[in-house]
Amino acid sequence: MSELPKAYEPVSVEEKWYQRWIDHKCFHADETSDRPAYSMVIPPPNVTGILHLGHVLNNTIQDILARRARQKGHEVLWLPGTDHAGIATQAKVERHLRQTEEVTRRDLGRDEFLKRIWDWKDEHGGIIIKQLKRLGCSCDWERERFTMDPEYSKWVSQVFVDLFKEGHIYRGKRMVNWCPSSLTALSDEEVISKPQNSKLYFMKYELADSPGEFLEISTTRPETLMGDTAVAVNPKDERFSKYVGRTVKRPFPEGEIPVIADDHVDIEFGTGALKITPAHDKADFEIGQRHHLPLIEVITADGKIDCPEVEALHGLDRFAARKKAAEILEEKGLLLKIEDYENNVGYSERADVVVEPRISMQWFLKYPSVEEATAAVENSEITFRPQKWSKTYSHWMENLQDWCISRQLWWGHQIPVWYRQSKAQDLQAAESLDAQDLERGDIYVGVTPPEDESEWVRDDDVMDTWFSSWLWPFATMANVGEESETLKKFYPTSDLVTGPDIIFFWVARMIMAGYRFKGELPFKNVFFTSIIRDGKGRKMSKSLGNSPDPLDLMEKYGADGLRFGLMRIAPIGSDVKFDETQIEEGRNFANKLYNACRFRQMQEEPPNHKIFTAVEISALPPYHIDILSKLDELDVKLEKSYKDYRFNEVVAHLYDFFWGDYCDHFLEAVKGDLKEGASPQRRRDTLHTIDIVLKRYLAQLHPLMPHITEELSEKMGYLPEGAFLMTREFRKDSILGNAEAFRAEHAEAVYAAASNLRNLKAEYQLAANKNVRFVIRPVAGWVMNELPTLALLVGAKEVVVDSSYEAEQGTPASLTSLGEVLMPLDGLIDIEAESKRLGKEIEKIEKELAKSEQKLSNPHFVDRAKPEIVAVEKERLAQWQEKLSQLQNMKNALQV
RNA sequence: GCAGGAGUAGCUCAGUGGUAGAGCAUCUCGUUUACACCGAGGCGGUCGGGGGUUCAAGUCCCUCCUCCUGCACCA
């Protein structure tokens, strides 16, 4: 045992233990072990990402689960890794290159650019991993994976090939969400709609066959006018029926376009007539298909107007063109009015720019195993916690759209499709392409390139990042075509811990992939964490700068403090507002624990590891039995809370037991046993009890606060030389055998009485005065033994029984569970004050009594309530009555 | 528009039909064999509003209000 400094210093301790755990391979999962398996895969953070509070919450929960599982004797695999995060990473590196070397990716070329990204990844890719380690995450780092590892990439290609061959993947020209900043297609899930203040333009088109007659149209996008190939009205709209089938004049470039009727048009909206731009609007595209309208593209990939016929607009940015187009209409006298209008506009998730609906050639996936995956959650083969998310899941699964899986990026898994050189141009422009095209031998689809590669041209596109992430649970455990021992032992995984914001992106798709490629569910439980918000309820985001840096928090409060504080406030099922004082509480708790252990160490006696015998227990003072029984209860409570994944409850149990039951009550009550002159037997028993409690408690707390518990277990000598707390199996044996039998009512009574007397002292401004004496009229003989402890707890000189004591009139008195207690004030007595005080107390009791009486006088209550409830109420009433009469006697005695 | 949450002390949150809770903040007192990152005590609640079911409602039902989150619409 060594000396401990006065305040706990977490940072160095945490670093030390993490290194030791690593050095001793404590996190390693042994796939040949006989122990039951427990496994999780980490939601892979972006490889160039930086740890934020969401990661902290998420990974703390996983670490708690992993460490708890180890303690319960499982062989634990927590498999870590990172995600290549296609768009995010490529955008980051492109920006970097622009700023430092003033070059674009096209300047460098595909190969060189990719080399630069790999360099960047090597340099920055480790940051978030280091940060997770700082947090104490017990991942098996020897198994760390990256979604672009060669073996992992093979999986991605293999899955593409399989799905293509069975007809689930096809290529086609479709209207997709296009990001003009990243210059790639996006999936529907990557588009976020935001309300926006825009304008609604009202304009008129002249009827071609009737000069001077106009059709009024409203639009938010006049800049797409050049792409209009029709005007549509609702067939039921009588105002416009006379126009259907005729043509109107498009103002620029001048042309005639038909007026058509389509149900999609909302009669109520605007003028009721809708301009149709099939090339730049999803709904218009569909209308265009129905009516066989031509497609005219007038916007380029990077969001500029492409329409040489209209010189004033050609080359302008789409938003500048909007204003300009309105001006031109105005000049032509075709603009009627402009109204303010709030509508929802789709933004790209990553680049945060307005998405442009655009026709382009893309690869799509028809999801496999949809029915099975939907059913799995509905019939609880997979449990979602909180349950409410299963509705979100079902709703999405029932409205599945084909997944656009191709991205016009360079960073990612390239589509494993090759076109025969001689026909490449035609094939790449072909309207559609699917499994049937394979048979003709014009395309090649495979995990490895075709033999005579020079005769083939590979598809340029890469795949959506999530097309690799959805394989994560199994692709990390075995290579393609292998049945590795790891996979056999640890797949399917036990739990998945992730944020509800990626139910569609990731969770749902993993379930489908698990079914399709491994024939079973990838996990049994999904725990969705809360979303952490700032004090104003806003999402944490980089742009708002409202996200505290977890590294700073760990520096200030320790990783353990951060973990504990965060888990304490993270509710299940709703968002949590972040509050740094809660993290401070975590640190304070660590300090409390540390000092309680320091107190034990100051006794300078080695720990006692024996367990009390039944005989020894029966001889222990009530405080000892009380704390030992509560220690047993703690096991039971924790077990239940863990079972329900109620981590905030776990923390509350651990906190209350230690701070309240152990420190405030037990430790204060037994300090007398450690004083000089106390009986040696009593001292030994007390230290022994302390050791039993601390040793077990440190193990109980370990999943939440791994570092400090490991540190203290070692320092206190609770572990064999060289052993680790984290790898030690935790035996749940009861200390007392049967806690119920040992319920220590006497201890509870003493604690309650102490509270009464402290209260009395405080009322008379004597809280700090240790010379106060109390005279007690005990209710039972056993009370005599506990008087010194009572005095200690109250901070009084003594509590004595003095049958000859004659209280002066007006002596303050309290009715405690141990008996009536007087507090002689030697001359400073104020009868009126004491009478008033007692009067107040009586008033309170009367209120409670009245409530109780009312309840019991209600015949319905007595008849219908459960008997035990009635019995409790009766007992309560009796207690109030007794207490009231005693207090009244005391008050009466004051009046001479 | 549809769906799902949330609303409890000044703040952050527990509360699983049966006496409304914790921590922080605030106020008073206090260095005692650990801890001032501490101890003791106090103040502080019409449990969002209204209605209903029940012997009994913060808890169950209906309704309204406010906020959040998805999804849809979004000319």
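Below, read A as the first sequence line, B as the second, and so on, with proteins coming before strands; counting in each chain starts at 1.
No side-chain heavy atom of A/Arg683 sits less than 4.5 Å from a side-chain heavy atom of A/Asp673. Residues A/Leu634 and A/Tyr697 meet the side-chain proximity criterion, which asks for heavy atoms closer than 4.5 Å. Between A/Ile690 and A/Leu667, the closest side-chain pair of non-hydrogen atoms falls below 4.5 Å.
Under a 3.5 Å cut-off, the side chain of A/Glu14 and the backbone N or O of A/Ala559 do form a donor-acceptor pair. For A/Ser198 (side chain) and A/Tyr341 (main-chain N/O), a donor-acceptor pair under 3.5 Å exists by modelled atom type.
Minimum atom distance to the side chain of A/Lys671 is reached by B/A34, of the listed B/A34, B/C37, B/U12. Nearest to the side-chain atoms of A/Lys6 among the listed nucleotides B/C13, B/G39, B/A36 stands B/A36. The A/Asn343 side chain lies nearest to B/C74 when the options are B/A3, B/A34, B/C74. Among the nucleotides B/A14, B/G18, B/G70, the one closest to any side-chain atom of A/Ala865 is B/G18. Counting only heavy atoms from C-beta on, A/Glu649 has its side chain closest to B/U16 among B/U19, B/U16, B/U28. When the nucleotides B/C37, B/C35, B/G39 are ranked by their closest atom to the side chain of A/Asn588, B/C37 comes out on top. Residue A/Trp880 has its side chain nearest to B/U19 when only B/U19, B/G15, B/C37 are considered. For A/Thr392, the side-chain atoms get nearest to B/G70 when compared with the rest of B/C37, B/U19, B/G70. When distances run from any side-chain atom of A/Ala762 to the nucleotides B/G18, B/U28, B/G41, the shortest one goes to B/G41.
Nearest heavy-atom pair, A/Met397 versus A/Thr374, reported as atom, atom and distance to 0.1 Å: CE-OG1, 3.5 Å.
At the phosphate of B/A20, OP1 or OP2 sits under 4.0 Å from a side-chain N or O atom of A/Lys851. Between A/Lys675 and B/U33 there is no side-chain polar atom (N or O) within less than 4.0 angstrom of OP1 or OP2. Put simply, A/Arg646 has a side-chain N or O that comes within less than 4.0 Å of OP1 or OP2 on B/G15. Put simply, A/Lys388 has no side-chain N or O that comes within less than 4.0 Å of OP1 or OP2 on B/G4. For A/His395, no side-chain nitrogen or oxygen approaches OP1 or OP2 of B/U69 to under 4.0 Å. Note on A/Lys640: every side-chain N or O is 4.0 Å or more away from OP1 and OP2 of B/U16. Considering only side-chain N and O atoms, A/Arg598 lies under 4.0 angstrom from the phosphate OP1 or OP2 of B/C35.
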Throw together a table of side-chain donor-acceptor distances under 3.5 angstrom for residues 263-285 of chain A, partners on residues two or more places apart or in other chains.
unit_1: A/Asp266; atom_1: OD1; unit_2: A/Glu268; atom_2: N; d: 2.9
unit_1: A/Thr271; atom_1: OG1; unit_2: A/Glu216; atom_2: O; d: 2.8
unit_1: A/Thr271; atom_1: OG1; unit_2: A/Ala273; atom_2: N; d: 3.2
unit_1: A/Lys275; atom_1: NZ; unit_2: A/Thr224; atom_2: OG1; d: 2.7
unit_1: A/Lys275; atom_1: NZ; unit_2: A/Asp228; atom_2: OD1; d: 2.9
unit_1: A/Lys275; atom_1: NZ; unit_2: A/Thr277; atom_2: OG1; d: 3.1
unit_1: A/Thr277; atom_1: OG1; unit_2: A/Asp228; atom_2: OD1; d: 2.8
unit_1: A/His280; atom_1: NE2; unit_2: A/Val298; atom_2: N; d: 2.9
unit_1: A/His280; atom_1: NE2; unit_2: A/Ile299; atom_2: N; d: 3.3
unit_1: A/Asp281; atom_1: OD1; unit_2: A/Ala283; atom_2: N; d: 2.9
unit_1: A/Asp281; atom_1: OD1; unit_2: A/Asp284; atom_2: N; d: 3.0
unit_1: A/Asp284; atom_1: OD2; unit_2: A/Thr277; atom_2: N; d: 2.7

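Residue A/Glu668 is classed as a base contact, given a heavy-atom separation below 4.0 Å to a base. Residue A/Asp664 is in sugar-phosphate contact alone, with no base atom involved, counting any heavy-atom pair closer than 4.0 Å across all strands shown. Residue-level contact check: A/Arg876 touches the bases, meaning some heavy atom is under 4.0 Å from a base atom. When heavy atoms are screened at a 4.0 angstrom cut-off, A/Val872 is found touching no nucleic acid atom at all.
Taking every heavy atom of residues 190-200 of chain A and every atom of RNA chain B, pairs under 4.0 Å involve A/Leu200, by number.
In this structure, A/Asn759 places its CG atom 17 Å from P of B/G30, rounding to the nearest Å. For A/Glu848 and B/U19, the CD to P distance is 11 Å, given to the nearest whole Å. Atom-to-atom, OH of A/Tyr8 to P of B/C37 comes out at 17 Å; the value is rounded to the nearest Å. Atom-to-atom, OH of A/Tyr655 to C1' of B/A22 comes out at 8 Å; the value is rounded to the nearest Å. Rounded to an integer number of Å, the gap from CZ of A/Arg600 to P of B/A34 is 15 Å.
Comparing B/A57 with B/C47, their P atoms are spaced 12 Å from each other, to the whole Å.
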